[in-house]
Amino acid sequence: MIDKESPIPIYYQLEEHFRTLIEEGKLQPGDMIPSERELSEAFHISRMTIRQAITNLANEGLITRVKGKGTFVAEKKIEQSLGQLTGFSEDMRLRGMEPSTEILDFKEIEATTTESRELQLNPGDAIYHISRLRLADGQPMALEQSYLRKNEVHGLTESIVRSSIYDYIENDLGLSLTHARQTIEPSLASDLESRMLKVEPHTPVLLIKRNSYLSDGTPLEYVKSVYRGDRYKFVTEMKRGH
């Protein structure tokens with residue numbers, strides 16, 4: 001399994017060994033990975049080489065370290081397409097997971113300079129601010145800050161916020177959300193974000209900003225979300241232009 005005569009680095013061979021076990025289902029999410037000492041004795045390679053392989057697998061999101069407990073196979077990442085405008089609840093249900101929401105803040109506020117620019121309003125105009133922790137099967141996935149134009153999304157309640165705002169907008173208000181502009185960039189979890197998302201401080205996360213628009217071009221929503229980097233990945237299909 002480990003060929004010390006091969007030009008392929010030993011740490012990489014070990015990584016491939018664990019990737020194969022995970023992909024074939026021989027190692028399941030939550031299974032413990034043997035310690036560095038145990039792996040060193042089993043494969044007759046240095047603990048430094050073991051450490052490099054384990055670190056690379058952890059950075060890839062295939063395994064996770066738990067302080068004081070050990071190293072475990074990570075939960076599979078949730079895959080979201082970049083080509084579709086869907087809400088968190090829709091995404092989770094499509095993947096057979098049960099979405100839930102913890103409302104941290106819900107109130108009417110006056111738009112700041114940033115929010116008025118993003119929603120094409122005047123500073124001081126009334127908007128809704130919603131701070132939510134989004135969960136799937138009881139596990140925290142994202143910390144979300146939403147800002148919505150109050151005149152368009154009238155009658156919003158905490159009960160609606162707890163379930164699906166998009167359902168309310170489209171089915172109850174009869175509005176048509178047609179497109180959005182979204183940016184994704186890497187970030188490091190702040191103390192608050194790490195506490196809410198149950199990850200270590202300064203863990204890599206995905207910072208996502210989205211502007212959603214109605215069919216007539218009116219910006220309806222501006223959202224800033226911090227997603228767990230170890231549980232989420234985004235995919236897109238690309239075509240070569242000629």
Side-chain angles (χ1 to χ4, degrees), residues 78 80-94 99-136 140-193 196-197 205-229 232-236:
I78 296 167
Q80 181 180 344
S81 171
L82 289 174
Q84 294 180 314
L85 176 54
T86 55
F88 178 86
S89 297
E90 293 173 293
D91 282 336
M92 295 305 104
R93 291 193 181 103
L94 284 172
S100 58
T101 296
E102 182 180 331
I103 300 176
L104 307 175
D105 192 26
F106 170 49
K107 61 188 176 185
E108 180 183 324
I109 63 172
E110 294 182 353
T112 65
T113 301
T114 298
E115 294 143 14
S116 61
R117 180 183 67 247
E118 299 294 342
L119 294 172
Q120 295 180 19
L121 295 168
N122 295 315
D125 283 354
I127 61 173
Y128 287 118
H129 169 240
I130 306 163
S131 178
R132 294 182 288 183
L133 180 65
R134 312 308 298 267
L135 305 98
M141 293 289 178
L143 187 60
E144 183 178 276
Q145 307 291 331
S146 300
Y147 304 89
L148 298 103
R149 293 172 65 123
K150 183 175 183 291
N151 284 347
E152 278 72 20
V153 193
H154 53 81
L156 198 60
T157 66
E158 185 169 318
S159 176
I160 295 167
V161 170
R162 194 177 300 279
S163 54
S164 174
I165 295 176
Y166 280 12
D167 280 349
Y168 176 70
I169 289 171
E170 296 177 327
N171 299 326
D172 292 80
L173 298 181
L175 299 175
S176 178
L177 278 168
T178 56
H179 61 288
R181 181 179 183 273
Q182 181 166 279
T183 63
I184 303 173
E185 57 185 288
S187 184
L188 297 176
S190 67
D191 290 341
L192 172 63
E193 292 161 355
M196 300 303 298
L197 295 174
V205 292
L206 297 170
L207 174 61
I208 300 171
K209 299 179 182 179
R210 176 191 283 187
N211 298 73
S212 301
Y213 299 87
L214 298 176
S215 56
D216 63 359
T218 300
L220 187 71
E221 176 191 41
Y222 170 56
V223 183
K224 293 189 296 182
S225 302
V226 175
Y227 278 78
R228 285 179 55 164
Y232 242 81
K233 65 179 177 181
F234 291 83
V235 297
T236 185

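Predicted model only: the values in this text are computed from it and were never measured.
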Participant: Roughly how far apart are Ile127 CD1 and Thr112 OG1, rounded to 0.5 Å?
Facilitator: 6.5 Å
Participant: Taking the side chain as every heavy atom from C-beta outward, state whether Leu177 and Leu214 have any atom pair closer than 4.5 Å.
Facilitator: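 When only atoms from C-beta onward are counted, Leu214 and Leu177 do touch, with a gap below 4.5 Å.
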Participant: Would you say that Lys209 contacts Tyr222 through its side chain, given a criterion of any heavy-atom pair below 4.5 Å between the two side chains?
Facilitator: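 Result yes, sub-4.5 Å side-chain heavy-atom pair found.
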Participant: Can you tell if the side chain of Leu156 reaches within under 4.5 Å of the side chain of Phe106, non-hydrogen atoms only?
Facilitator: yes
Participant: When you look at CD of Glu110, are more than 12 heavy atoms from neighbouring residues, nucleotides or ligands closer to it than 6.0 Å?
Facilitator: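 Not more than 12 within 6.0 Å, no.
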Participant: Evaluate the side-chain hydrogen bond (donor to acceptor under 3.5 Å, both in side chains) criterion for residues Tyr213 and Gln120: first the C-alpha distance (whole Å), next the side-chain angles of each, then the deciding distance (0.1 Å), finally the verdict.
Facilitator: CA-CA 11 Å; Tyr213 299 87; Gln120 295 180 19; 5.3 Å; no
Participant: Is the shortest heavy-atom distance from the side chain of Asn122 to the side chain of Ser116 under 4.5 Å?
Facilitator: no
Participant: Could you check whether any side-chain heavy atom of Tyr227 comes within less than 4.5 Å of a side-chain heavy atom of Ile184, counting everything from C-beta outward?
Facilitator: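 No - every pair of side-chain heavy atoms lies 4.5 Å or more apart.
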Participant: From the options Arg162, Arg132, Glu144, Arg134, select the one residue that forms a side chain to side chain donor-acceptor pair (under 3.5 Å) with Thr101.
Facilitator: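 Between Thr101 and the candidates, side chain to side chain donor-acceptor pair (under 3.5 Å) is satisfied uniquely by Arg134.
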Participant: Do Pro140 and Met196 come close enough that some side-chain heavy atom pair is under 4.5 Å?
Facilitator: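 No, side chains not in contact.
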Participant: Can you find a pair of side-chain heavy atoms, one from Leu119 and one from Asp125, that are under 4.5 Å apart?
Facilitator: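 Sidechains of Asp125 and Leu119: no contact.
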Participant: Side chains of Val205 and Leu143: closer than 4.5 Å at any heavy-atom pair?
Facilitator: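 No, every pair of side-chain atoms sits at 4.5 Å or beyond.
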